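Here the structure comes first, spelled out in structure tokens, and everything after it is commentary.
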There are 2 protein chains.
Amino acid sequence: MPSLTSVLGVLDPTSDRAVFRQIADALREAIDKGRFREGDKLPSETELVDHFGVSRMTVRNALSLLQQEGLAVSEHGKGVFVRPRPPVRRLASDRFARRHRDQGKAAFTVEAEAAGSRPEVDSLEVKEERPSQDISARLGSPRKVLARRRRYLLDGRPVEFATSYLPLDLARNTPIAQPNPGPGGIYARLEEMGHRLDHFDEEIRARMPSPAEVRTLQLASGVPVIHLVRTAFDAEGRAVEVCDTVMAADAYVLAYQLPAN
Amino acid sequence: MPSLTSVLGVLDPTSDRAVFRQIADALREAIDKGRFREGDKLPSETELVDHFGVSRMTVRNALSLLQQEGLAVSEHGKGVFVRPRPPVRRLASDRFARRHRDQGKAAFTVEAEAAGSRPEVDSLEVKEERPSQDISARLGSPRKVLARRRRYLLDGRPVEFATSYLPLDLARNTPIAQPNPGPGGIYARLEEMGHRLDHFDEEIRARMPSPAEVRTLQLASGVPVIHLVRTAFDAEGRAVEVCDTVMAADAYVLAYQLPAN
DNA sequence: CTTGCCCACTCGTCTATACGAGTATGCATC
DNA sequence: GATGCATACTCGTATAGACGAGTGGGCAAG
């Protein structure tokens, strides 16, 4: 096995770059060059202390940098590891198009099984609520809304949670207010109820997760979330649903196809 | 002025939650409640040390958490501040549609001025290169490509940098190989050259920036980047351009409109 | 063989101290 | 009044030490 010096090099005492940054640089370079691969254990804090001849806080500072960059994750009692890249779920822009509406299962389940993963849906909750200001504005200021919350998991790992909001006058006492709205999901039910869907608006943001989101999605440090808000409009131009989704950014790539004219 | 105790409360010594997390919680809550607003200075490390009766490293640990969450930014010699939310640039999905192709200025310039900001383009560079494996695959494996790099700034702040790649056999000795390709940009030139554009594919990811990206975009810690790769296809189905864009996530919201059928 | 404990190793948290470096202010000097 | 310096504040970096807590292996007892 190669010596730590050949893998990580040594510090440059003449450099004005902070020592912990030099250590982080050395580790980052070693990872980039494949000397450490996904899931590999990095040298322990003690080993790095001995190798570089610095104090433990300095080493921890360096490792903390790598974790903020999303390059490494630490596991209490085990060590610090190169962060494994999870399989990525690709969301096509036409995933809610009418022609793709499966009559049996939910879109998430169909796609996950096609990709060879085990899908789960979780923390299902259907409630009547007063809408937040933002949701209210998007739905045309209804007094109350029906909120459908759920969390999605892939092979046991939470990847996304979402809340759908519908004006209560539209959804009350319909299959939409049931935990399972039936084949084709709530979009199929909306169309059966005479709200032929015309188009969707999607807004995409990326940001660091709140502490609550870190818990719900079991996010490693250095992993942002993608925040997607989709509004569904019927043929009369009425907003009939808003779906607010927060996704673990390391589990998703969003794909859109756009006409050129 | 209110006492720190009334703003931040006190520690719960019976809690098993780490002290630095309790301090971070207190600050986060104060920010959420508006006790500290955008751009406000948080209490200095020394003040927090005195108030909570802990060591400075513990306070720094707490402040570091808030910075990782993107809630705060520190400025050497000045203090730690609630991170200001910059104005957000909204990118509509039809921004490259033919009907919007302005005959005078670049899309970025037009949009920025409409929003009342001062746009700049920077580090313009046009080069012939060997494509990376990824770019090569997207463009149908050309031996060489023309790469057009540039950085965009809004009111002096870098918000995005992008590289366009075109197969060299298509772009060599054309206006596209000039730093300024002329009115309507390279898409207008491509269409003049007989490559009528048919559609665009866009792929969106979010992740933490590399150290190089932090420098180029002058990113605060706790700010992810949005990575967008757009491929332009002509009417024959040939990929004629790939544009690789990295955006400061706190400066953008992407908006797409999708048909329902 | 299985169970259960101990121990060694890992990272997590916290204290105390020191000095460096960037910023802003006021005061003395020119 | 303008210049420049001293100073006091800010955060940045680094050391040394201590104890806690999670993990896993080995060994001894059953």
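First the proteins, then the strands, lettered A, B, ... as listed; each starts at 1. Quick caveat: nothing in here was measured; it's all calculated off a predicted structure.
Applying the side chain to side chain donor-acceptor pair (under 3.5 Å) test to B/His227 and every residue at least two apart in sequence or in another chain returns B/Arg207, B/Asp244. Contacts of A/Arg118 classified as side chain to side chain donor-acceptor pair (under 3.5 Å), with partners at least two apart in sequence or in another chain: A/Glu120. The salt bridge (charged side-chain N to carboxylate O under 4.0 Å, His left out) search around B/Glu111 returns B/Arg89, not counting sequence neighbours. Looking at residues two or more places apart in sequence or on another chain, you find a ring pair (Phe, Tyr, Trp, His ring centres under 6.0 Å) between A/Tyr152 and A/Phe108. The side chain to side chain donor-acceptor pair (under 3.5 Å) check on B/Asp122 picks up B/Arg151, with sequence neighbours excluded. Under the rule for a ring pair (Phe, Tyr, Trp, His ring centres under 6.0 Å), the partners of B/Tyr256 that lie at least two apart in sequence or sit in another chain are A/Tyr256. The side chain to side chain donor-acceptor pair (under 3.5 Å) test applied to B/Arg149 returns B/Glu125, B/Glu129, B/Thr163, not counting sequence neighbours. Residues passing the salt bridge (charged side-chain N to carboxylate O under 4.0 Å, His left out) test with B/Arg95 are B/Glu202, sequence neighbours excluded.
A side-chain contact (heavy atoms from CB on, under 4.5 Å) with A/Met247 holds for exactly one of A/Ile226, A/Leu217, A/Val225; it is A/Ile226.
Applying the 4.0 Å criterion to OP1 and OP2 of C/dG12, one finds that B/Arg21 has every side-chain N and O outside that range.
Of the residues in residues 209-221 of chain A, not one comes within less than 4.0 Å of DNA chain D through any heavy atom.
Remark: P of C/dG12 and CG of B/Asn61 are 11 Å apart, rounded to the nearest angstrom.
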Using distance only, find each side-chain donor-acceptor pair of residues 57-66 of chain A under 3.5 Å and give its atom names and separation, not counting sequence neighbours.
from: A/Thr58; atom 1: OG1; to: A/Ser55; atom 2: OG; distance (Å): 3.4
from: A/Arg60; atom 1: NH1; to: A/Glu45; atom 2: OE2; distance (Å): 2.9
from: A/Ser64; atom 1: OG; to: A/Gln68; atom 2: NE2; distance (Å): 3.4

What are the atom names and distances for every N/O pair under 3.5 Å that joins the protein to nucleotides 16-19 of chain D?
from: D/dA18; atom 1: N6; to: A/Arg56; atom 2: NH1; distance (Å): 3.4

Please produce a list of atom pairs where a protein N or O lies less than 3.5 Å from an N or O of nucleotides 8-10 of chain C.
from: C/dT10; atom 1: OP1; to: A/Ser44; atom 2: OG; distance (Å): 3.2

